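Have a look at the structure below, then the notes.
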Amino acid sequence: MHPALSVIFFTTLSGAGYGLLAWLGLSVLLLHARADVMPALSSLQLWALLLGLVLSTAGLLSSLAHLGRPLRAWRAISQWRTSWLSREGLLALATPLPALALGLMLLWVEPGPGRAIGLGLCGLLLTGLALATVACTAMIYASLPPIPAWRHPLVVPVYLLFALLTGLALLFWLMALLLPPAGTGAAMPATLAVLGALLLACKWLYWREIDRQAPPATRGDAVGLPGRSVSVFERPHTEASFVTREMAFAVARRHALRLRWLASALLLAAPAAAWAVATALPVPVAPLLGTVAAALLAAAFVERWLFFAEARHVVTLYY
Amino acid sequence: MTALPPPSPKKLGLVIDLDTCVGCHACATSCKEWNAGGIAGPLVDERPYGREPLGVWLNRVHSYEVAASAPAQAERPAGEALLEAPAREVPMGAAVQKAPVGTTKVATPTPIGRDVRRSPAVEGGSAAGSAEAAAAAQPALTLHFPRSCLHCETPACVTVCPTGASYKRAADGIVLVDEDKCIGCKLCSWACPYGAREYSEVDGVMKKCTLCVDRIYNEHLDESERVPACVQACPTRARHFGDLGDPDSDVSKLVAERQGMALMPELGYRPVNRYLPPRPRRGADASDDGAAAAGDTVAQSPRHWLNRILGR
Amino acid sequence: MSAPAPNEPVLDLSPCPGDDVRTTTCYMCACRCGIKVWLRDGQIRYLQGNPAHPVNRGVICAKGAAGIMQHYSPARLTRPLLRVGERGSGEFREIEWDEALAIATGWLKPLRERDPDQLAFFTGRDQSQALTGWWAQQFGTVNYAAHGGFCSVNMAAGGLYTLGGSFWEFGEPDWEHTRYLMLWGVAEDHDSNPLKLGLGRLKERGAKIVAVNPVRTGYGAIADEWIGIRPGTDGLFAFALIHELLRMDRIDLDYLVRYADAHWLVVRDPGGAGDGLFARDAEDRVLCWNLDAGAPVPADASGISPAVVGEYALPDGREAVPVFQLVVERYLDAQYSPDAVAGRCGIPAATIRRIARELAVTAFEHPVRLPIAWTDAWGRGHDEMVGRPVAMHAMRGISAHSNGFHTCRALHLLQLLLGAVDTPGSFRFQPPYPKPVPPPNRPGSRRREDGSLDAPPLGFVHGPEDLLVDEQGRPRRIDHAFSWSYPLAAHGMLHTVIRNAHAGDPYRIDTLMMFMANMSWNSAMNTRQTMRWLTDRDADGEYRIPRIIYSDAYASEMVAYADLVLPDTTYLERFDAISLLDRPISDADGAADAIRHPVFDPATQPAADGRAREVRGFQSVLLELGARLGLPGMVDAEGAPAYRDYADYIVRHERAPGVGLLAGWRGAGGDAHGKGAPNPRQLQRYIEHGGYWREEIPEHARYFKMANRGYLQWARGMGFVGGTGAIALQLYAEPLQRFRLAAQGHGERLPPAAHRERVETYFDPLPLWYEPFESAQTGAAQRAHRGAAGGDETAVTPPSPPAGEDSHPYPLHAITQRPMFMYHAWGSQNAWLRQIAARNWLYLHPDTGARHGVADGDWVELESHHGRITVQARLAANVQPDTVWTWNAIGKRRGAWGLAADAPEATRGFLLNHLISDLTPRADYANADPVTGQAAWFDLRVRLRPATEADGRSRPQFAPLPGAAGTGAPLRYAGGRAGRGSAR
Ligand SMILES: Nc1nc2c(c(=O)[nH]1)N[C@H]1C(S)=C(S)[C@@H](COP(=O)(O)OP(=O)(O)OC[C@H]3O[C@@H](n4cnc5c(=O)[nH]c(N)nc54)[C@H](O)[C@@H]3O)O[C@H]1N2
Ligand SMILES: Nc1nc2c(c(=O)[nH]1)N[C@H]1C(S)=C(S)[C@@H](COP(=O)(O)OP(=O)(O)OC[C@H]3O[C@@H](n4cnc5c(=O)[nH]c(N)nc54)[C@H](O)[C@@H]3O)O[C@H]1N2
Ligand code: SF4
Ligand code: SF4
Ligand code: SF4
Ligand code: SF4
Ligand code: SF4
Ligand SMILES: [Mo]
């Protein structure tokens, strides 16, 4: 599949944004009743809220660039009963609601039991919606039968893990910036490294499997002659077409492998190195975490590019 | 509405005869011209006279090489291959002489390329016995293959559409795009395994074969011309249009007779269109029967005809 | 009609397909199908096949359906052009028509007075030879021809000198009854849609189709059997089939003595002046030997028992043998056995034997019997028509070789032996054919009082006396047609004109006038030199070809080489006649002709830049030019133009009393068909009738046309034949023997010494096979080296098995095929067609690729004895391994055809023509058939190696033409409706 930059930006940025919102919601949910710590956290929470909304919205805007008729984008939410894209759109519109409510309460509602309950509910809702949005994004791909690599059961978990990982990295970075340091802060890159390792394990498993995946059909099947060995003699048109440009993108194996290693390195080595540095040296942790977050976003970007570039559409059987 | 309508009894579609298609592209250009001015139009061409011309086509014709399916067939007795040719022609009251008793074989039109591994349950391809498959050793072929929308019964191209622009008509099963609703997200093209959707970069909307819905019901056209443009154009008459939901329709009978195939039924889209596989080729390459060669020599010189009495 | 379900948008399912519809004739190619042009708001909404039309019965091909883009092509010429820059630079000044015609008149008038032959008038793919040939005749020049000489004159001549009809446009398989069709070297042909309709029909009926072709694409792809023959060896394959039929005695001798010349006696008198001619009696009637009486009798007598073999003494004492005896003697010889030819043809002997048996079984064990009573030419009644359901069709795979004439005759011989010519189930004639063998009209050669020629410049020579040569035996025509070099060049030789005009061989000409022929590019051999000859100057600075007038409708490569360009209309803007006097559109069951009539006035069809186009139909221009020149027949007694325009000419001109360009609705009342006085409302009647006319042949007259009294009477009534006598089909071509005798020193006109051996060798009255000249001559050195076949390589090569093709210095054959979706050069300007193929590749067999170290997609250098090109290769196994091929005429010169200079057609596409020499390797004759002068495009031999410099461009590249590159704007054609929606 053609790796369109607009879509890759969209899924990485909005993924990180929703991940951040999900963590934020979770933290609010867990801590909403703790009147002792909440005030200290509220500026962090507000910043996280802002960053999460900005990223997810930027992602969504970037996805509009992918549309042929962006002005009609509003139509995209009408088919939630069948279309994952529609569902994603709806959820993407719904997610900011609890986020905004949360922000409003943090800013203007006096602490008290009412606010605590409100915060708890909003936190729950926010986490749920943010993760559901990411899951819907993943399901857009995972529901397409012609692209077997995307049908893999790990696609949704990986999307979620990426969102959570990049979101968490951003949250940690904000924490390092905004909260008084507690210890070396090495636990944060450590957490990221562990999560990164988990993600990487999933991803390599995925890669291994799609490498071994037999195409769901042969060219013989595609032309109605199952069992015969068929090769292309002439394409219908000597130059490119929409189908060849959009669907018949091919990436060289060696190049793909290099990119896989690059993504892996960013994913695992960056937090691990930060962890090591933070443990060994008395350096401020915020810039470290900022670097890690950037590295993880880059990893997500590379992984997403591969996600498209390596996915073979059955229509390529015709070409 | 991207929710699929309840299955309609009427399933309009195309039946394309790969045995007869010569790959002339008439169906492709006639499709282009009708639809450029029709409900799917215009079908924009980018850089029409430039370095990389690229346009929207709702129908494209591919060419393939198909390898021989088994070692070349053994030479059959002289003429036998011919006798298998069903002589269905009898216009002008012609009576075609029957083959001598004993040499005639009833032709079983075994479509080549039937996959014996496929279970009969799989839609679109009834399985054939392995004996038949073994007999179907076939020479290499050049295959021409026109490709357009198959108007699937359960097409994900419709259900993935976020706007409702893609829809399947409840009345006849035609899958269409309502360009006024389309946002150009291209998702439907990703969801189509058959590459039947073509996005217009210039117009920002998705296009696809309309089954010439603005011809087949068109009261301004002569009844006999209410067929898709590609069907009307096809110079070998390899394209047929009709109701595949009606078992008694001509197209359904053709599909039954020639064991028409659905493409990649395993993907679950339940295409309506069918492709008729190439008929078995008669007369593959020969192994010599030298005996016959020597044995049927009757003339060795002009003298053989010396006493031939002819009248004129 | 179904109402939309709720939630579904409301669609207009019955949009009006247009506000007007016109019925005319397509000219996206020479097939001439009937089309309906739907208009909406003055634009073409849609083009479709006319279901009522006899040619295409409603279907349309890829080109025809893309006619919209041809009509609106930005490459259309817009105004007459006068050259201002160097010839070839493409620099012109736009002029008015009046000036253009005045210039042309000024050039041509003195020529006509001085020497009309100094005008060479050659037309290409045009279909108005009935007019152009007549115009040349009235002008008085012998130097006229159309494209047939480089196209398929081998098929025309091979057929007309054998059957009085031919595969090429004058015949067709019996689609309804044949059970076995052999296609020899056919990729597309002029009968584009009828062939496809027919093949579809055969498939439906379950007939077997055999494709004999080095490449398996198109029609070959759907054939039951593909015989991947080695190019140039079809004659041998046919002989082996004939050998087998003779060996098994599976011959239709009854047919042969009834309809052919099998029993005609041939004088056997070696060294005598009459050797090899038919034995004739005092009344000049050909004789046969009647076994009943033991005496010679006229061969066309009925109620006799003619001998088909044996040696008989004629009354004058000479010995004579029946034609069939000669046939048997030659083809039963072991040199034509399947085993002997298999290696050279690349076809297993067993396959040849099997095909022969299949032909015999089909022909003789499955005769088609139609219960239709008919009467033969001798008055005998028959209550049924019995036919041989074996049909053949052949085209340029046979004809475009230097042995094509004889190969074509070989195929007809094969058909005749099977009794499979114009019988139910076989090849059938299309009226006005068959004609007498050969047709009676000789080429014009003498000038009349008024300066016109005594007959049209093209015709059929019957013997040396009809040649156009001077006392020394030198050619009288600029193209050397009808000379001792190419005596039967019935269509002229467009491919030699430019070389000869440049060389002044046999004389210098003044003006070269061309119409619809892209002679500096895809229709030329030796393209590079051709461009040079067109621009070369004498010592005094004058161009060697002083003046070139050219009419084209589009910015082709050739336009740049004209001094005066006369812009033609598109095919939807003019009148044309598809005439029975020309290349008719008849089918085997009826005679037909058609017109093209303007759908648009060109003045209302602006050019791409919005300016009005001032273009005129060339035929009308020609008539006006003729009137300005005062040519006989084009001016009335007062010297005023005799015809208003071409439409007027179509209606009023009579070639002979009652015979005009169109056969339909003649006579004052419009009720005469075939012959009749001009009818002023004739064109109107055609237009009302969908643009065509067709007259069915009566049912009892549809087969055995050569000897069917019903047919012959009908045909005479239509003016197609002069009498109702049977037309005898000719296994033995006596006119060829007349040339051979001349070469042996008999008769009044003898070939100059230099040509004698050639004439004697190739004017064999029975078909023969020899290795195509390019193969033989380029392989000669090698062969001499091996000591295999010393001596003269042009001598007939015995069909010994080939000594491994690999040892040939040019081991591969290189050929082209026509793509079904493109017509020669002129499809590339078409925005839709060029998307199908904007470039071509060289296709080769994977084994060949492996042998040469060439992988799929590699760039390769291809070299012939004549030149070298660099092209991109593709591997595909559907080709005979010793053959490489590509699609014809996709490659374009940069800047031509309104395409951007970096269009793939020019940068990556290529022409094989750059490799094809216009002379044989020995440079003694044109690269052509020695009998007919047919261009031997497919004789090309090449060698191949990976390219040393590959920058993703094909070579050679030529200086770009200053064409206006099309705008880069997207094309949003919407057929008369403002484009739906708008761009974002
Ligand atoms: N290598 C190779 N070369 C070949 C052949 C081959 O098989 N292989 N085939 C040969 C054969 S058989 C042929 S017939 C020739 C064909 O070659 P050409 O006859 O030269 O064919 P084109 O180049 O398509 O067309 C000739 C010209 O007609 C012009 N034209 C088109 N429509 C009109 C019109 O309406 N009016 C006027 N006035 N001009 C018009 C086109 O612009 C073009 O310049 O090519 C020959 N060349
Ligand atoms: N679409 C389309 N139709 C056309 C034309 C066009 O340009 N485009 N041109 C028209 C014109 S001008 C002409 S003359 C006709 C020509 O009509 P065709 O003769 O059908 O055209 P070609 O492509 O020259 O076909 C030659 C075929 O012979 C094969 N061949 C080559 N050498 C040999 C050989 O030695 N033996 C055998 N058995 N086969 C051989 C080639 O592979 C090819 O398939 O088509 C006409 N129709
Ligand atoms: S062929 Fe493709 S576009 Fe057509 S209905 Fe099926 S899935 Fe949809
Ligand atoms: S491109 Fe248009 S039709 Fe296709 S899914 Fe998107 S909105 Fe629907
Ligand atoms: S049915 Fe109509 S839209 Fe579909 S391929 Fe045929 S011509 Fe094109
Ligand atoms: S028009 Fe008919 S023969 Fe031609 S490519 Fe299409 S289906 Fe095949
Ligand atoms: S075969 Fe030729 S004449 Fe007929 S529709 Fe096609 S282009 Fe036109
Ligand atoms: Mo031609």
Side-chain angles (χ1 to χ4, degrees), chain B residues 1 20 22 24-26 29-30 32-34 36-37 41-42 44-46 48-51 53 55 65 78-79 82 85-86 88-89 91-95 97 142 170-171 178 202 204 214 217-220 233 235-237 281-283 286 288 293 296-299 302 305-306 309-312, chain C residues 1-2 5 7 9 13-16 45 59-62 65-66 176 193 196 200 203 205-206 216-218 221 224-225 247-249 253 257-258 305 308-309 325 328 350-351 353-354 357 361-362 366 368 370-371 820-821 831 835 878 899-900 902 966 968 970-975 979 983-984:
Chain B
M1 209 48 193
T20 307
V22 292
C24 70
H25 292 258
T29 60
S30 58
K32 176 104 175 160
E33 58 151 353
W34 172 265
V44 179
D45 302 293
E46 293 172 49
Y49 306 102
R51 187 169 66 83
E65 281 184 73
L82 292 176
R88 261 180 279 140
E89 79 278 14
M92 294 174 74
Q97 189 181 299
T142 301
D178 177 357
V202 173
D214 48 357
Y217 299 111
N218 196 325
E219 279 151 9
H220 290 101
T236 61
R237 305 218 202 265
R281 298 296 192 239
R282 289 157 297 167
D288 193 7
D296 56 10
T297 297
V298 296
W305 287 276
L306 248 189
I309 302 298
L310 301 156
R312 68 156 271 138
Chain C
M1 163 126 198
S2 46
N7 301 326
L13 297 184
S14 268
C16 187
R45 156 71 182 93
V59 305
I60 193 166
C61 79
E176 288 307 322
N193 278 333
K196 292 186 185 67
K203 281 282 177 176
R205 290 181 34 241
R216 186 189 60 220
T217 54
D224 279 284
E225 184 160 4
R247 185 179 63 76
M248 301 184 292
D249 189 9
L253 274 172
V257 298
R258 208 168 287 157
S305 293
V308 289
V309 293
Q325 163 103 11
V328 178
T351 303
R353 276 193 275 274
R354 176 171 51 77
R357 287 195 299 264
V361 167
T362 312
H366 301 277
V368 178
L370 304 183
M820 293 186 186
F821 46 81
Q835 286 182 56
N878 51 6
L899 299 180
D902 58 357
L971 174 64
R972 308 182 80 247
Y973 190 77
R984 277 166 290 171

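Computed from a predicted model, the values in this text were never measured in an experiment. Chain A is the first sequence line, chain B the second, and so forth, proteins listed ahead of strands; every chain is numbered from 1.
Using a 4.5 Å heavy-atom threshold, the side chains of V44(B) and L971(C) count as separate. Looking at R972(C) and V202(B), their side chains come closer than 4.5 Å, going by heavy atoms from C-beta outward. Side chains of K32(B) and H25(B) form no contact here, defined as non-hydrogen atoms less than 4.5 Å apart.
Contacts between V257(C) and chain B at a heavy-atom distance below 4.5 Å involve backbone atoms as well as side-chain atoms. The parts of R51(B) that come within reach of chain C are both its backbone and its side chain, each placing non-hydrogen atoms under 4.5 angstrom from that chain. Proximity to chain C is limited to the side chain of E65(B), based on heavy atoms less than 4.5 angstrom apart.
Note: P302(B) leads P302(B), A26(B), G55(B), P53(B) in heavy-atom pairs under 4.5 Å with chain C. Ranked by heavy-atom pairs under 4.5 Å with chain B, the first of P970(C), G975(C), A66(C), A62(C) is A62(C). Residue with the most contacts toward chain B among Q325(C), Q835(C), M820(C): Q835(C) (heavy-atom pairs, distance under 4.5 Å). The greatest number of non-hydrogen atom pairs below 4.5 Å with chain C, out of C24(B), G311(B), S30(B), is found for C24(B). Contact count versus chain B (heavy atoms, under 4.5 Å) is highest, among A831(C), A65(C), G200(C), for A65(C).
A distance of 4.0 Å separates CG of N218(B) from OG of S14(C), quoted to the nearest 0.5 Å.
A salt bridge is defined here as a Lys NZ or Arg NE, NH1 or NH2 lying under 4.0 Å from an Asp or Glu carboxylate O, and D224(C) with R281(B) fails to meet this definition.
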Check: So R354(C) and E225(C), salt bridge (charged side-chain N to carboxylate O under 4.0 Å, His left out) or not? Walk me through it.
Finding: CA-CA 12 Å; R354(C) 176 171 51 77; E225(C) 184 160 4; 2.6 Å; yes

